[in-house]
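To start, the structure itself, in structure tokens.
Nothing here was measured: the structure is a model prediction, and the numbers come from that model. Labels below follow one simple rule: chain letters A, B, ... track the order of the sequence lines, proteins then strands, and each chain is numbered from 1.
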Amino acid sequence: MAKLTSSHISFQELEDIIELLGKVSGFNLVGYSKSSLKRRVQRVLDLERMDIVDLKNAIVNVEGFRTYLMNEITVNVTEMFRDPFYYAALRTDVFPYLETFPRLKFWSAGCSSGEEVYSLAIMLTEARLYNRSFIYGTDVNSHVLEVAKKAIYPLKNFKLYTENYNATGSFRSLSDYYTAMYDAAIIHADIRKNMLFSQHNLATDYVFNEFQFISCRNVLIYFDLELQNRIFHLFYESLSEFGFLCLGTKETLFNHEIMAKFKVINKKFNIYQKIK
Amino acid sequence: MEKANEVVLVGGSAGSYTLITDMMAALPETFSPAIIIVIHRNPRFTTKIEDTLSTRLQKEVVQAADKAAILKGGIYFAAPGYHLLVEPDKTFSLDISERIHFSRPSIDVLFETAADVFLDRCTAFLLSGANQDGTDGIRQLQRMGAKVIVQSPTEASISTMPKHAIEASERVDIYSNRQILSYFRNLK
Ligand SMILES: C[S@@+](CC[C@H](N)C(=O)[O-])C[C@H]1O[C@@H](n2cnc3c(N)ncnc32)[C@H](O)[C@@H]1O
């Protein structure tokens, strides 16, 4: 497959592609980490057996190609209950606090195909908070959002998801929340009920609601510090007083001035609370 | 602290752990390249190689953090569960995309991205392992003029990985463990 590639893209060519995409579409890749982006673009070239000239041509002239390209460039790898101890930390460090709010709004930013959103809904159900909750799952990638809305996943993934779920210390069984049909699993309607998936681009879009809880996990690693900074301000503006911000295990607020407006709730899992 | 002008890369899998710790123990007090290591480990067992080595060597050995600068004389390990990439401004970035050769972190990803940035100011070591990770990375390193050294398959605990690399590319140097250790002892 990849071995038949004819052309290797350079950083300069990558810059040209970013500029071109910015000019002809709303997709802004300026703040993305360059090396990972370059690998993703190279992957599309290899898949499509294109060279850089073909790629530019397709970006400008081929109907639907820009959306396809964005969907291929973004890294959507995800799982249910990824980092089980993070979910355990939500239960012990965050949920007791959330109980004091009469209505709860959650935002999972960069939710990919929805596994993180359903995991959160299950945790909220078990904490008896889900009935007063509403979760917004957003992503820039239109394809993964379609998958998220369907709530149907390959059954073979559920061995790992079950291990993850059990490691969170939950007292139930993950199979209480899905029905297996042939080689697929569909998430139950009572877990799917209070949520909405929609497109939102963290690099270019703005505040759209006020939340008590925002999680943005394994998304910020794809961005440079400047774009991270923009997004942290967006999150800050989107959080209610004493709202929570949860990042991935390798993502931190500590490199940013805005840290001063947050309190660390869990250092290992990068859970913060807005205090000013 | 200044950013590194030169890097030494190390890729190891099953059977490479002891040699890697010996390599780090052989290092002199000061040296100018940054040393960046990918060793495959199970993310579920959070073996703290960094902490163990820091204590044993009385040197700072860290997990490469996302967006951190690659500094002269730094010793960095790739975080389990994430690919480790080198950015053009000589910083690290992490990536959680698909496993490559069943591995994340992948040696190929580190080698390829470091080659694109540090060009011929790169020396790479590929050690014992049971898969084929590293071979593609070596090709890219060689394209960019970097020096590539493979652990002698006769000395590697598991020879699949070094053998695969040697078969796939000419121009790799094959070192015995003694030669590898002496390289690190004499690093300036
Ligand atoms: C690795 S996934 C993380 C999924 C999930 N949060 C997790 O931790 O498992 C990263 C997601 O970020 C999304 N993403 C990338 N750029 C984005 C942007 N500018 N705005 C919103 N989402 C973005 C990708 O489409 C992808 O689905």
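- Within a 6.0 Å radius of NZ in K56(A), more than 12 heavy atoms belonging to other residues, nucleotides or ligands are found.
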- [ ] Evaluate side chain to side chain contact (heavy atoms under 4.5 Å, CB included) for H83(B) paired with R39(A), printing each intermediate quantity in order.
- [x] CA-CA 12 Å; H83(B) 292 307; R39(A) 290 179 58 80; over 6 Å; no

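- Electrostatic pairing of R40(A) and E98(B) counts as a salt bridge here, judged by a charged N lying under 4.0 Å from a carboxylate O.
- When each of T91(B), T113(B), I96(B) is scored by its heavy-atom pairs under 4.5 Å with chain A, the top score falls to I96(B).
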Task: Derivation and outcome, side chain to side chain donor-acceptor pair (under 3.5 Å), residues T249(A) and Y82(B) - done: CA-CA 10 Å; T249(A) 48; Y82(B) 292 78; 3.2 Å; yes

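- Interface check for chain B: of the options V77(A), T78(A), I221(A), the most heavy-atom pairs under 4.5 Å are formed by I221(A).
- The neighbour count for K263(A) NZ, taken as heavy atoms of other residues, nucleotides or ligands under 6.0 Å away, does not exceed 12.
- Counting heavy atoms of neighbouring residues, nucleotides and ligands inside a 6.0 Å radius, atom NZ of K150(A) does not exceed 12 of them.
- Between D116(B) and K38(A) there is a salt bridge, since a side-chain N of the basic residue sits under 4.0 Å from a carboxylate O of the acidic one.
- Interatomic distance, OG of S36(A) versus CG of L85(B), reported as 6.0 Å (0.5 Å rounding).
- Using a 4.5 Å cut-off between heavy atoms, L94(B) contacts chain A through both its backbone and its side chain.
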TODO: Give the intermediate values and the outcome of side chain to side chain contact (heavy atoms under 4.5 Å, CB included) for residues D89(B) and K34(A).
DONE: CA-CA 9 Å; D89(B) 63 354; K34(A) 296 293 176 291; over 6 Å; no

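- Listed for the S35(A) side chain is a donor-acceptor partner under 3.5 Å among the backbone atoms of V86(B).
- Interface residue Q228(A): only side-chain heavy atoms are found under 4.5 Å from chain B.
- Neither the backbone nor the side chain of R43(A) comes within contact range of chain B; no heavy atom of the residue lies under 4.5 Å from a heavy atom of that chain.
- The distance from the NZ atom of K250(A) to the CD atom of Q63(B) is 4.0 Å, given to the nearest 0.5 Å.
- Across every non-hydrogen atom of P88(B) and F11(A), the tightest pair is CG-CE2, 3.5 Å.
- Taking OG of S93(B) as the reference point, atom CZ of F223(A) lies at 12.5 Å (rounded to 0.5 Å).
- More than 12 non-hydrogen atoms from other residues, nucleotides or ligands lie less than 6.0 angstrom from NE2 of H256(A).
- At a heavy-atom separation below 4.5 angstrom, chain A is approached by D66(B), K67(B) within residues 65-77 of chain B.
- Crowding of F85(A) atom CZ: a count of heavy atoms from other residues, nucleotides or ligands under 6.0 Å not exceeding 12.
- Atom CG of L37(A) is separated from atom CG of D95(B) by 10.5 Å, given to the nearest 0.5 angstrom.
- The number of heavy atoms from other shown groups lying within 6.0 Å of CD (E60(B)) does not exceed 12.
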